[in-house]
Each structure stands twice: as structure tokens, then as C-alpha cells.
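I have a structure here, written as C-alpha cells, and I will follow up with some questions on it.
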Amino acid sequence: MKYRRLGKAGIQVSEIALGSWLTYGTVTERENGIRCVRQAFEVGINHFDCANVYGHQPHAAESFLKEALAPFKRDEYVLTTKAFWPVGDKPNQRGLSRKHLFEQIDQSLKALGTDYVDIFYCHRADPETDVEETLWALDDLVRQGKVLYAGISEWAPQQISEALAVQAARGFRPLRASQPVYNMFNRYIEAAVLPQCEQAGMGVVVFSPLAQGVLTGKYRRGEAPPPGSRAATEGVKHFVARFLTDEILSRVEQLSAVARDLGITLSQLALAWVLRQPAISSALIGASRPEQILENVKAIDITLDTDTLARIESILA
């Protein structure tokens, strides 16, 4: 495994990280999920991502990670969670208010079976809470030792700029992580978010680098989704549906040809393409089978030359 710094933070995170969204605590069978987490650890992945709303109910995926990571020492891995989305139907059971953040971190720590998380993300920006209140709460959680580094997920460039200005003016501890979506079919962060984060010393941990599995090549034009895949699973298939157009699947076929010419898999090509960005600290993968992890981690040793990058760009243009 190879490791990169999380922006200007002192910690090192594996270039491939293991996420929990749409897998653990939901559709992946428990024992198989545990094998995935432990396989990830064995190949050097030290970065495990979660959120309070992942799973079939609030904190379900966190409880799963508590069990899966039990054999390992806490100082051997980086553990994250998030808060923002509703965890109940009452008005204060959502958002980024001081009240909700304080209550959720305590519930998350209990579910994870730990005294602290390495990174605590604001899962989205909250238009109903002043950003100063949110940053103040995060600063206090860091002071209390429950959170080592605070981060954001899927904040727009103007929201990031506002947060950076407030933290500088108030002397709050700096945000050290940003978790946006990034893959060959979703590149909005290239224009502003990546430069913003790099300048501010925020490590970027991208999710969905394989476009919900579309960039594995498992989905083909004119064919039904494979049984057991996300696109064939009730409750999560809507996350994949927007990628299953003839236009995108045609491009996937062309990208598959690029991968074949290089003697690698499409998923390895897609991950190497993401990791070509020096401002990115980690790419988050999901896995329901251990062999998926073994395949994906090989991407860290792949360097795409300028001709290959140009060929990819022509397909995506």
C-alpha cells in the first residue's frame, strides 16, 4: 500500500480507503462484510469511512465497523464518520446545529466503540444553521478530543470559501478534510474545489471513484443488471440508474478497451485516473467481496502516461 498526507494534517492515509455506504449494515451479508474489512486491513488499507446514516437504520454501519475492526489496535487505522442527514423525524434530529453535532458524535462513538474519530465530516452544508455555529461546535469537539480533524462533504465552492473565511476570522482549528464525489463522469471538483482544498491544506478523500460500480464494466448496453449488483437491488438501485444510459455505457465500452490495451481492469484504470491528482489523499471504494479489494488496490502501482490520459480525455469529452 502507498500512503499520502491528509492535506497539511500530520496523519497518513492509504491511497485506497474502504467505505461503508450502500454496503455494510445494508445489502452485504455480515460475515462477508467482515471478511472485506479484514482483507482491506491485511493489504495495508488503514482508512475506514462511515457515517451515522449508513446502514438499514442510524448507526448500523458504525456498529458493524466496531465488530469488523475489533481485532486491530485503534492506533493502526484512521476512522471517520459524518453527521447532517436526518436520524429521526423530530426537528433537531438533523442538520449541523451545535445540538445535533454534539448528540450525534456521542452516539457515533458509542456505536463505533471508540473514544474518538480521526475525521468527523459535515455530511452536507446546512442552509438552516449559521456556518459559524457549525465551525464553533467542531472546534469544541476537537478541543474535547472526540474528534481529531474536522471535515466537510459535498460543499459547494462558495460554501467552502465562507467556511474558510469564518474559521480564519475566529481562530477556529482549520478544516483538514473534504469528501466530494469524483470519477470520470463527475468532475466538477476539478475547476474550483481541488484548488481551494489544496491551498487551504485540506486533504481530499473522494467517494464513488467507480461511479457506483459502472466503471467496473459490469453493466452493459441492452442487458439487465447482474443479479446482486447495486443496480438490481431495491433501495439502492436509484443511485446507479443515472449512469445506465446508452451514452455513458458506450463510453464505458471504449474505456474498457483502453484498460485491455494496458493489461489492467477497468476499475484499476478508473482508480489510477483518480489518483493521478496529487491533491487527492484517498479514493474510497466499496466492496461486498474480498477479491474486489485485492483487484482495486493494484491501482496504486499504475501510472497513466500522457498518451493514455489523452485517449481517456477524448472518450470523456
Side-chain angles (χ1 to χ4, degrees), residues 2-5 7 13-17 19 153-158 160 177-200 202-223 225 229-231 239-286 292 295-317:
K2 296 178 182 177
Y3 303 88
R4 299 184 184 183
R5 280 185 66 189
V13 291
S14 49
E15 290 187 347
I16 301 296
S153 178
E154 281 289 82
W155 284 31
Q158 64 270 24
I160 296 174
S178 176
Q179 189 178 124
V181 62
Y182 184 56
N183 56 60
M184 290 179 173
F185 300 125
N186 196 333
R187 303 173 61 174
Y188 83 92
I189 68 170
E190 292 176 350
V193 173
L194 279 179
Q196 276 181 313
C197 292
E198 190 168 23
Q199 183 176 6
M202 296 167 62
V204 179
V205 178
V206 299
F207 71 90
S208 197
L210 301 180
Q212 300 296 334
V214 172
L215 285 167
T216 66
K218 70 175 71 173
Y219 303 113
R220 300 178 182 275
R221 286 187 296 170
E223 297 182 11
S229 66
R230 288 183 184 178
F239 290 109
V240 192
R242 60 195 173 96
F243 292 110
L244 301 183
T245 66
D246 285 347
E247 179 185 354
I248 288 180
L249 293 179
S250 174
R251 295 183 183 188
V252 169
E253 291 171 3
Q254 297 174 68
L255 292 166
S256 295
V258 176
R260 284 195 300 272
D261 290 346
L262 295 175
I264 61 178
T265 67
L266 178 56
S267 62
Q268 290 165 353
L269 177 73
L271 288 167
W273 182 88
V274 165
L275 292 171
R276 84 196 191 285
Q277 296 278 8
I280 288 176
S281 301
S282 276
L284 275 168
I285 63 167
Q292 293 172 324
E295 175 187 340
N296 289 338
V297 296
K298 294 178 182 178
I300 66 172
D301 294 319
I302 298 170
T303 300
L304 303 177
D305 61 31
T306 54
D307 289 343
T308 300
L309 290 172
R311 186 179 173 189
I312 293 171
E313 199 64 36
S314 69
I315 294 169
L316 299 178

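No hydrogens, no waters, no symmetry mates; every other heavy atom, side chains included, goes into these values.
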Which heavy-atom pair separates Leu275 from Ile280 by the least distance, and what is that distance?
->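 Distance-wise, the nearest heavy atoms are CD2-CG2, 4.5 Å.
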
Does the side chain of Gln179 come within less than 4.5 Å of Leu284's, by heavy atoms?
->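 With C-beta onward as the side chain, the pair touches.
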
Using a 4.5 Å cut-off on heavy atoms from C-beta on, say whether the side chain of Leu309 contacts that of Trp273.
->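 Contact flag for Trp273/Leu309 side chains = yes.
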
Could you pull out the closest heavy-atom pair between Met184 and Ala270, with the gap in Å?
->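 Residues Met184 and Ala270, closest heavy atoms: CE-CA, 3.9 Å.
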
Heavy-atom check, side chain of Ile189 versus side chain of Val206, under 4.5 Å =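 SC-SC contact between Ile189 and Val206 confirmed.
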
Taking Glu154 for its side chain and Val181 for its backbone only, find out whether a donor-acceptor pair lies under 3.5 Å.
->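 Looks like yes, one N/O pair under 3.5 Å.
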
Please lay out, stage by stage, how Ile248 and Tyr219 fare under the test side-chain contact (heavy atoms from CB on, under 4.5 Å).
-> CA-CA 10 Å; Ile248 288 180; Tyr219 303 113; over 6 Å; no

Report yes if the side chains of Arg276 and Leu304 come closer than 4.5 Å at any heavy-atom pair, otherwise no.
->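 No - every pair of side-chain heavy atoms lies 4.5 Å or more apart.
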
Mind checking whether Leu316 and Arg187 have side chains closer than 4.5 Å, heavy atoms only?
->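 A side-chain contact under 4.5 Å exists here.
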
Is there a donor-acceptor pair closer than 3.5 Å between any side-chain N or O of Ser178 and the backbone N or O of Val204?
->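 Checked: no pair found.
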
Exercise: identify the closest heavy-atom pair between Val193 and Trp155 |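 In this case the closest contact between Val193 and Trp155 is CG2-O, 4.4 Å.
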
Mind listing the closest non-hydrogen atom pair of Ser267 and Glu295 along with its distance?
->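 Heavy-atom minimum between the residues: OG-OE2, 2.6 Å.
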
Start with the C-alpha distance between Val214 and Asn183, add both sets of side-chain angles, then the distance that settles side-chain contact (heavy atoms from CB on, under 4.5 Å), and finish with yes or no.
-> CA-CA 10 Å; Val214 172; Asn183 56 60; over 6 Å; no

Identify the heavy atoms of Pro195 and Ala191 that sit nearest to each other, and give their distance.
->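 Looking at all heavy atoms of both residues, the shortest contact is CG-O, 3.8 Å.
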
Could you check if a side-chain atom of Leu244 sits within less than 4.5 angstrom of a side-chain atom of Leu249, using non-hydrogen atoms only?
->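 Touching, per the 4.5 Å side-chain cut-off.
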
Whether over 12 other heavy atoms sit under 6.0 Å from Gln199 CD =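 No.
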
Do Leu269 and Ile302 touch side chain to side chain, with heavy atoms closer than 4.5 Å?
->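 Side-chain contact under 4.5 Å: no.
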
Decide yes or no on side-chain contact (heavy atoms from CB on, under 4.5 Å) for Thr216 and Leu266, but give the supporting numbers first.
-> CA-CA 5 Å; Thr216 66; Leu266 178 56; 5.9 Å; no

Side chain Ser256, main chain Val252, donor-acceptor under 3.5 Å |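 Yes, Ser256 side chain to Val252 backbone: donor-acceptor pair under 3.5 Å.
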
Looking only at heavy atoms, what is the nearest atom pair of Ser153 and Phe207, with distance?
->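 Scanning both residues completely, I find the closest heavy atoms to be OG-CE2, 4.4 Å.
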
Minimum side-chain heavy-atom gap Arg311-Asp261 below 4.5 Å |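 When only atoms from C-beta onward are counted, Asp261 and Arg311 do touch, with a gap below 4.5 Å.
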
More than 12 non-hydrogen atoms from neighbouring residues, nucleotides or ligands closer than 6.0 Å to CZ on Arg220, yes or no?
->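 It does not: Arg220 CZ has 12 such atoms or fewer within range.
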
side-chain contact (heavy atoms from CB on, under 4.5 Å) between Leu271 and Ile300, worked out | CA-CA 8 Å; Leu271 288 167; Ile300 66 172; over 6 Å; no

What distance separates Lys298 NZ from Ile264 CD1, expressed to the nearest 0.5 Å?
->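 Interatomic distance, Lys298 NZ to Ile264 CD1, rounded to 0.5 Å: 11.5 Å.
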
